[in-house]
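Note sheet for the following structure.
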Amino acid sequence: MLELKNVNIAYNGTPIVRDVSLTVGDAQIVGIVGESGSGKSTLIRSIIGLLGREGRITSGKIIFDGEALERKSEKELCQIRGSQIAMIFQQPESSFDPIETIGSQFCETLRFHQKMRKKEAWKKGTELLAALHFEEPERVMSSYPFELSGGMCQRAAIALGMACRPKLLLADEPTSALDVTVQAHTARTLLELRESSGTSILMVTHNMGVIAYMADLVGVMYRGRIVEWGTREDILLRGTHEYTKSLIRAIPRLGGSFQQQEPYRGISMENGERRMLSETHWIWTEK
């Protein structure tokens, strides 16, 4: 469904994402994990052209359903955003219009992409919220974003993203601003949506627990480059790259004693190559 081929992205001429290639298949969940500032959010924002004025794709291809997204105009991308590719942002409160109710934003989305009447769009929004286990979907539809908790806002954002049943959902740190209980609920919600609608999910996070729970395939990102790629088991049980190992060592363990970790010193991002470890598993190594 989605293929990135040797994508390079720069902000004001400074390279941020380096030579990234990956694929997302039908009904597949792909997770990109790495520390803050590694280029994860920039990578998924580039797919639907949300890099802002300073950012641009300097080379590479982004192919979605056989079409090159990097060549499309802003008008063409507007038709794709929401209908075929939806995005959940890290701070759901900031992705909603603060002076419009949740319901009015559902109506705007559905009327734009599916030409629904307002009454029909409102009903569908209410049904989506009910499907995501909101106890009072009508109240939520009539609420403003600031009247909802962070967890409710995130689940409402997921429902809004799924309103047009897109083929691909981009999730930018979907659980980072939530407490542990709500994180688990949000992760289950995303898995339910994958099962019920067949939507593929490309998710970026620094939470290895979310990756372990949800992802089919995992890419580990460091300084703008994917340094290890494999199945969830490849990465979590057989992680080979030193940066992957340092991420796994940093996961807190209940009842374990704290041990100071040596900071990862890094490798050259310029002079390296892929080394295949298996059919599904590779790492980036220095030449």
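Values below: every heavy atom of this structure, side chains too, minus hydrogens, waters and symmetry copies. Remember, it's a predicted structure, so these values are computed and weren't measured experimentally.
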Go through the side-chain N and O atoms of E192 and S196 and say whether any donor and acceptor fall under 3.5 Å apart.
no
hydrophobic_cluster_shared for L22 and L277, side chain cutoff 4.5 Å
no
How about E138 and W122: does a side-chain donor come under 3.5 Å of a side-chain acceptor?
yes
Looking at M116 and A121, what are the two nearest heavy atoms and their distance?
SD-CA, 3.9 Å
Among K40, E35, E173, which residue meets the side-chain hydrogen bond (donor to acceptor under 3.5 Å, both in side chains) test with H206?
E173
G31 and I211: which non-hydrogen atoms are nearest, and at how many Å?
CA-CD1, 3.6 Å
Show, in sequence, the C-alpha distance, side-chain angles and deciding distance for R81 and E74, and conclude whether the salt bridge (Lys or Arg N to Asp or Glu O under 4.0 Å) test is met.
CA-CA 10 Å; R81 295 175 189 144; E74 181 65 19; 2.8 Å; yes
How about K124: does its NZ atom have over 12 heavy atoms from other parts shown lying under 6.0 Å from it?
yes
Can you confirm whether more than 12 heavy atoms, excluding those of K5, are under 6.0 Å from its NZ atom?
no
Does the side chain of Q154 pick up a donor-acceptor pair with the side chain of T186 at under 3.5 Å?
no
Quick one: does Q105's side chain have a donor or acceptor within less than 3.5 Å of a partner on E100's backbone?
yes
Show the numbers, then the answer: is there a salt bridge (Lys or Arg N to Asp or Glu O under 4.0 Å) between D26 and R194?
CA-CA 10 Å; D26 292 334; R194 192 264 295 267; over 6 Å; no
Look only at the side chain of E70 and the backbone of I62, and say whether a donor-acceptor pair between them is shorter than 3.5 Å.
yes
Just checking, is any N or O donor in the side chain of D234 or T280 under 3.5 Å from an acceptor N or O on the other one?
yes
Kindly check if the number of other-residue, nucleotide or ligand heavy atoms within 6.0 Å of CZ (R117) is above 12?
no
Is the shortest distance from a Lys or Arg side-chain nitrogen in K72 or E67 to a carboxylate oxygen in the other one below 4.0 Å?
yes
R225 NZ/CZ over W284 ring centroid, <6.0 Å and within 45° of normal
yes
Between the side chains of T58 and N8, does any donor sit under 3.5 Å from an acceptor?
no
V227 versus Y222, closest heavy-atom pair with distance
CG1-CB, 4.0 Å
CZ of R232: more than 12 outside heavy atoms within 6.0 angstrom?
yes
Can you find a side-chain donor-acceptor pair between Q79 and H113 that sits under 3.5 Å?
no
